[in-house]
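Worksheet: the structure to be examined is printed underneath.
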Protein chains: 2
Amino acid sequence: MARSNIGIKDVAVAAGVSATTVSHVLNDVTYARISPETRKKVKAAAEQLGYEPNRVAQALRNRRTGVLGLVSEDVATTPHAGRIILGADDAARARGYTLMLINTAATAGAASREGDVEAVLERQVDGILYATMYHRVLDAPANLGKVPTVLVDAVTADGLFPSVVPDEYGGARAAVRALLDAGHTRIGFINNVQDVPSTSERLRGFRDTLTAAGLDAGLAPVEASSSDAAGGYEAAARILRSGHPPSGLFCYNDQMAMGAYRAAAELGLSIPGDLSVVGFDDQELVAGSLFPGLTTVALPHYGMGAWAANHLIDALEGAGDGSSAGAGTTVLECPLVTRASVAAPRNP
Amino acid sequence: MARSNIGIKDVAVAAGVSATTVSHVLNDVTYARISPETRKKVKAAAEQLGYEPNRVAQALRNRRTGVLGLVSEDVATTPHAGRIILGADDAARARGYTLMLINTAATAGAASREGDVEAVLERQVDGILYATMYHRVLDAPANLGKVPTVLVDAVTADGLFPSVVPDEYGGARAAVRALLDAGHTRIGFINNVQDVPSTSERLRGFRDTLTAAGLDAGLAPVEASSSDAAGGYEAAARILRSGHPPSGLFCYNDQMAMGAYRAAAELGLSIPGDLSVVGFDDQELVAGSLFPGLTTVALPHYGMGAWAANHLIDALEGAGDGSSAGAGTTVLECPLVTRASVAAPRNP
DNA sequence: TTGAAAGCGCTAACAA
DNA sequence: TTGTTAGCGCTTTCAA
């Protein structure tokens, strides 16, 4: 079961040197003065025996495991978690770290989530990445912060941890600008009803962009509903059936846009001929499958995962100062992904 | 940085006993005869100091880390990975294990994937879960199997590893049966063009079910295309425009079903009034967002993850025999998820 | 009923 | 230039 029976000692005897020497050459210890021939011998022996370090023993000795605990909420719900995980994994591996994963329930009580954090802490992870599945303010478990911690897609009310979140506002601006650039002057927004940062920020981005373009944001139709296809259908129907319907529609997310597609179809409105639509989230499975393909704004999940891992490792490897080195929130751009749902309005 | 400074020794002095005794009582060592009062003292001290075991030290000593390496292909592509991860995490945690995650690229060469496996092996994982993102036959990295290994959603050509895969055939039967039960007698199938197990098995299930119902499977319309919405649209359009179109349509996956919805809409066919549709995969984001909701067949990703973790742990904890204890492939049911896309045919 | 001592595989002072 | 020695925190003979 124990896989690699051969250890540093075996290499030592094979090379005819001491374990210390083997350790020195294999770790490229700077202060060790070892003759080139000895180095060669050791490396050859190690290679030949197929030596692989036992990271557990190293960890015990060095008091660093090289493992990052990824505590992620609701891993299974969306593909978002996958992107965060992938970004974090890529970044971590590039720097010699590995991820240890624990799923935690967003809806669980503080005690349960504290237990989840404890599970990785026992494993002596060097640091923790705490990820949520949508941008929100997090009620952090009490034991978070016992090791350096970075928040992904979340902030805490007290702002004690460094964190990385999407630029919801900027993303909304990009979406509306795409509509504006295509020539639309009457643009509507269908928003989510939940009280989360993205709801208010996307609305703010929507309004500010219209205002900046010299339009009266107060006149722009805005309807809110649940952030799924049914909600999108309903909100879009309300807007499109109004007296003076918009020619461009910005949707809170791709699911709602999917509902808007249906509402448009029922009203005999073709996309993008009669109605241009922009979504948010870039859920490949949805945005890429709709017809016509949905122009949308991508959430930088991969980038947030990578940023968080890198930032955490920087903190770990930087001066072992207070661990709170560089708290504050970093905001990552949400780029527009152009597909085929935006065109010039029929009657500009 | 090192989080829990207090170790077994601290508890020992606090309780006025030896480290040995502390270890004994905290681990409930059966053969240790320790007085109830001593036990009480030790537990109180541990509790009071907030002692948490250092799993790394335990691992070094016990030669078991209690960590399972999850090597997963293309974690980010679909929500499937999330389900597998969740299932594996739940099962592993219930039995005191933790997951270590490594992403690997399905398209990468054997050498690169071997490196990915090596990364977790160095961490002394007790066993490995190797997961692919769709059911296929896997070209296993050479070092897989150095520790007990279970395959998730994949099999190897040589069948050397225990593995768990979805019952594609049974799922297809359930889908077709749903159509049959609703009264349809003319049923079509739009299939994937790729040569993967699901393509042939779902087709086989489709035909066998028709035959078993006394219909002539040879006459049933079958069209194949790429397994996305565009392919589904195209294949469905071909079938629906044919001389004698079916009243029920089974689709290789939900994406293709989404394309079929569009084809039906263009032909003025309402779902489920004029056409009943069944998908496969149960991609919540798609199946639940379509209108009407898509009746589909769920892939048991959560179950496969859980089964694999449990099976692996069984092997780990069972007699430390050959590790190949119980190779062979386990097949998990694909249940029908009923939404609203199936109804009785208009002209039975 | 309890404790002393050895050692898991590795690294790092310190000696030689 | 290299080797000896002492642990990292824990478990487990073995002895008391």
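The analysis underlying the following values was restricted to heavy atoms, covering all of them including side chains, and did not include hydrogens, waters or symmetry mates. By convention in this document, chain letters (A, B, ...) are assigned in the order of the sequence lines, proteins followed by strands, and residues within each chain are numbered from 1.
- Residue-level contact check: B:Ser23 touches the bases, meaning some heavy atom is under 4.0 Å from a base atom.
- A heavy atom lying under 4.0 Å from DNA chain D marks none of the residues of residues 8-15 of chain A.
- Between B:Arg64 atom CZ and D:dC10 atom C1' the separation is 16 Å, expressed in whole Å.
- Defined by atom type and a distance below 3.5 Å, a donor-acceptor pair is missing between the side-chain atoms of B:Tyr97 and B:Asp126.
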Polar-atom pairs under 3.5 Å, protein N or O versus N or O of nucleotides 3-7 of chain D: list them with distances, or write none.
unit_1 : atom_1 : unit_2  : atom_2 : d
D:dG3  : OP2    : A:Ser18 : N      : 2.9
D:dG3  : OP2    : A:Ser18 : OG     : 3.2
D:dG3  : OP2    : A:Thr21 : OG1    : 2.8
D:dT4  : O4     : A:Thr20 : OG1    : 2.8
D:dG7  : N2     : A:Arg61 : NH1    : 2.8
D:dG7  : N3     : A:Arg61 : NH1    : 3.3

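- Proximity of B:Thr329 to B:Val165: side-chain heavy atoms (C-beta onward) are separated by under 4.5 Å at one or more points.
- If you measure from atom CG of A:Leu26 to atom P of C:dC10, you get 10 Å, rounded to the nearest angstrom.
- Here A:Arg123 contributes atom CZ and B:Thr98 contributes atom OG1; the two are 3.0 Å apart, rounded to the nearest 0.5 Å.
- Separating the CG atom in B:Leu99 from the CG atom in A:Leu70 is a distance of 11.0 Å, to the nearest 0.5 Å.
- For the pair B:Arg55 CZ and D:dT11 P, the interatomic distance rounds to 11 Å; values are reported in whole Å.
- Spacing between atom CZ of B:Arg33 and atom C1' of C:dT1 amounts to 9 Å, rounded to whole angstrom units.
- Counting only heavy atoms from C-beta outward, the side chains of B:Met100 and A:Val67 approach each other to under 4.5 Å.
- The nearest whole Å value for the distance from the CD atom in A:Glu52 to the C1' atom in C:dC10 is 15 Å.
- Considering only side-chain atoms of B:Tyr31, the nucleotide from C:dT11, D:dT2, D:dT12 that sits closest is D:dT12.
- Between the P atom of D:dC8 and the CG atom of B:Asn62 lies a distance of 18 Å, rounded to the nearest Å.
- Looking at B:Tyr130 and B:Val150, their side chains never come closer than 4.5 Å, going by heavy atoms from C-beta outward.
- Look at CZ on B:Arg63: it is 16 Å from C1' on D:dG9, rounded to the nearest Å.
- Taking only side-chain nitrogens and oxygens, A:Thr38 comes nearer than 4.0 Å to OP1 or OP2 of D:dT2.
- Per the geometry, CG belonging to A:Leu60 stands 9 Å off P belonging to D:dC10, to the nearest Å.
- Between B:Arg136 and B:Asp153 there is no salt bridge, since none of the side-chain N atoms of the basic residue sits less than 4.0 Å from a carboxylate O of the acidic one.
- Within the structure, a side-chain polar atom (N or O) of B:Asn27 is placed less than 4.0 Å from OP1 or OP2 of D:dT11.
- Annotation: side chain of A:Asp74 is not in contact with side chain of A:His80 (no heavy-atom distance under 4.5 Å).
- Using the six-membered ring where Trp is involved, B:Tyr31 and B:His24 have ring planes that are perpendicular, over 60° apart on the 30 and 60° scheme.
- Residues B:Val25 and B:Thr38 form no side-chain contact, since every pair of their non-hydrogen atoms from C-beta on lies 4.5 Å or further apart.
- A:Thr20 and A:Ser23 form no side-chain donor-acceptor contact under 3.5 Å, judged by distance and modelled atom types alone.
- Residues A:Gln58 and B:Pro36 each lie close to DNA chain C; by heavy-atom proximity, the contact nearer the 5' end of the strand is made by B:Pro36.
- When the C1' atoms of four end pairs are superposed on the next four at each end of the helix from C:dT1-D:dA16 to C:dA16-D:dT1, using five pairs per end, the two resulting axes differ in direction by 50°, to 10°.
- Defined by atom type and a distance below 3.5 Å, a donor-acceptor pair is present between the side-chain atoms of A:Asn310 and A:Arg95.
- Nearest to the side-chain atoms of B:Asn54 among the listed nucleotides C:dT11, C:dG9, D:dC10 stands D:dC10.
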